[in-house]
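So the structure is just underneath, and the comments pick up after that.
Small disclaimer: the values here were computed from a predicted structure and weren't measured.
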Amino acid sequence: SEIKDGNAVYSVKFKPFYDKEVFVTVVTTVFPDGSIKFDYEYSGADNMPKFPCAGLMISLKKEYSHLQWYGLGKEHTYCDKYLGGKIGIHSTDVEEQLPKYLRPQEYGNHYDTRWLKVYNDNDRGIIFKAEKTLDMSAISYTPDEIESAITNTYLPTPYCTRVYVNGFMSGVGGDTSWGAPVHEEF
């Protein structure tokens, strides 16, 4: 870490795969006004599987259960499922977003989002802003918890709010709902 132009700058380089020479560098800059900027660099490599998303996940106390965003909505939207979304300022609660699918699956993403505010009943919280647009969500579960549940009743009792801010998020599917890969353009 270092102080650069009056800002605290932290840089972390890590290897996400033990058997590949692939690296991710995350540079976090904390400004005097309290705002934080994240910059990511992914070195890439040949013959790597496609990532479903690339970004940041932050866990907040469960009390931060309200969200408001400027982007497509009000329902969840993805790069291949957004035409029904209307650009505007939308609001909902974290737990209201969980769809009643027969089997739990990815949900809650907001494609083409400019900013996301996650806050508590006292209107205290955090705002995420994009330089362009991002995929953002605030939900109760991790992808592993969602994939492991047979039905919504098997999801664990929520104990926090998970905020996902992704520079990239793949689409929701291919031609089938039983494991076909996402089409190349998504």
Side-chain angles (χ1 to χ4, degrees), residues 4-12 24-42 44 50-99 101 105-143 146 158 160-173 182-186:
K4 191 175 190 181
D5 299 325
N7 306 314
V9 180
Y10 305 90
S11 182
V12 176
V24 175
T25 303
V26 180
V27 178
T28 305
T29 306
V30 181
F31 298 95
D33 67 359
S35 61
I36 302 171
K37 180 180 180 188
F38 296 96
D39 291 299
Y40 294 85
E41 183 179 314
Y42 167 60
K50 292 185 178 182
F51 293 125
C53 64
L56 172 73
M57 190 276 289
I58 298 174
S59 294
L60 302 174
K61 290 181 179 179
K62 186 180 174 187
E63 71 183 76
Y64 296 93
S65 61
H66 310 293
L67 62 147
Q68 184 179 63
W69 70 97
Y70 178 56
L72 294 173
K74 175 174 185 176
E75 301 302 323
H76 51 239
T77 53
Y78 295 82
C79 65
D80 62 347
K81 183 183 179 275
Y82 67 90
L83 294 177
K86 303 293 182 207
I87 191 80
I89 296 175
H90 306 280
S91 299
T92 191
D93 289 327
V94 170
E95 292 193 29
E96 285 179 9
Q97 297 182 98
L98 180 63
Y101 296 140
Q105 56 190 288
E106 166 65 42
Y107 76 98
N109 188 65
H110 301 292
Y111 173 71
D112 205 25
T113 302
R114 280 79 170 163
W115 56 261
L116 170 71
K117 175 182 175 183
V118 183
Y119 58 101
N120 64 14
D121 290 340
N122 298 321
D123 202 31
R124 295 188 57 90
I126 187 169
I127 298 174
F128 300 88
K129 293 182 180 179
E131 289 180 352
K132 295 182 182 177
T133 63
L134 296 170
D135 286 84
M136 299 187 201
S137 63
I139 61 176
S140 300
Y141 307 103
T142 66
I146 293 168
C160 69
T161 295
R162 291 183 174 84
V163 180
Y164 296 88
V165 180
N166 292 306
F168 164 78
M169 177 77 177
S170 67
V172 291
V182 176
H183 289 276
E184 186 66 34
E185 64 268 26
F186 303 114

Worksheet item: Hey, does Phe128 have a side-chain heavy atom less than 4.5 Å from the side chain of Thr113?
Response: no
Fill in: salt bridge (Lys or Arg N to Asp or Glu O under 4.0 Å): pairs with one or both residues in residues 114-125, sequence neighbours excluded
Asp112-Arg114, Lys117-Asp123
Fill in: Taking every non-hydrogen atom, the tightest pair across Leu72 and Gly85
CD2-O, 3.7 Å
Item to complete: State, yes or no, whether a side-chain contact exists between Gln97 and His110 at a heavy-atom distance under 4.5 Å.
Response: yes
Practice prompt. For the residue pair Tyr119 and Leu60, establish whether any side-chain heavy-atom pair is separated by less than 4.5 Å.
Written response: no
Practice prompt. Heavy atoms only: give me the nearest Pro158-Tyr141 pair and the separation to one decimal.
Written response: CG-OH, 3.4 Å
Worksheet item: Short question: side chain of Asp5, backbone of Asn7 - any donor-acceptor pair under 3.5 Å?
Response: no
Discussion item. Can you give me the closest heavy-atom contact between Gly108 and Ser137, atom names plus distance?
Written reply: O-CB, 3.0 Å
Practice prompt. Under the side chain to side chain contact (heavy atoms under 4.5 Å, CB included) rule, what do His76 and Tyr111 come out as? Steps first, then yes or no, please.
Written response: CA-CA 8 Å; His76 51 239; Tyr111 173 71; over 6 Å; no
Discussion item. Filter on side chain to side chain donor-acceptor pair (under 3.5 Å), then keep only pairs touching residues 33-42, sequence neighbours left out; what's left?
Written reply: Asp33-Ser35, Lys37-Glu131
Discussion item. If you compare all heavy atoms of Thr161 against all heavy atoms of Lys62, which two are closest, and at what distance to 0.1 Å?
Written reply: OG1-O, 3.8 Å
Fill in: Partners meeting side-chain hydrogen bond (donor to acceptor under 3.5 Å, both in side chains) with Glu106 (sequence neighbours left out)
Tyr78
Worksheet item: Within a strict 4.5 Å, meaning less than it, do heavy atoms of the Thr133 and Tyr70 side chains meet?
Response: no
Discussion item. For the backbone of Tyr82 and the side chain of Thr77, can you confirm whether one donor and one acceptor N or O come within less than 3.5 Å of each other?
Written reply: no
Worksheet item: Can you name the nearest heavy-atom pair linking Ala138 to Leu67, along with the distance?
Response: O-CD2, 4.1 Å
Worksheet item: Can you tell me if Ser65 uses its side chain to pair, donor with acceptor, with the backbone of Val94 under 3.5 Å?
Response: no
Discussion item. Are Met136 and Leu134 packed together at the side-chain level, in the sense that at least one heavy-atom pair is separated by less than 4.5 angstrom?
Written reply: yes
Worksheet item: Is there a donor-acceptor pair under 3.5 Å between the side chain of His66 and the backbone N or O of Tyr64?
Response: no
Worksheet item: Between the side chain of Lys74 and the main-chain N/O of Ser91, is any donor-acceptor distance below 3.5 Å?
Response: yes
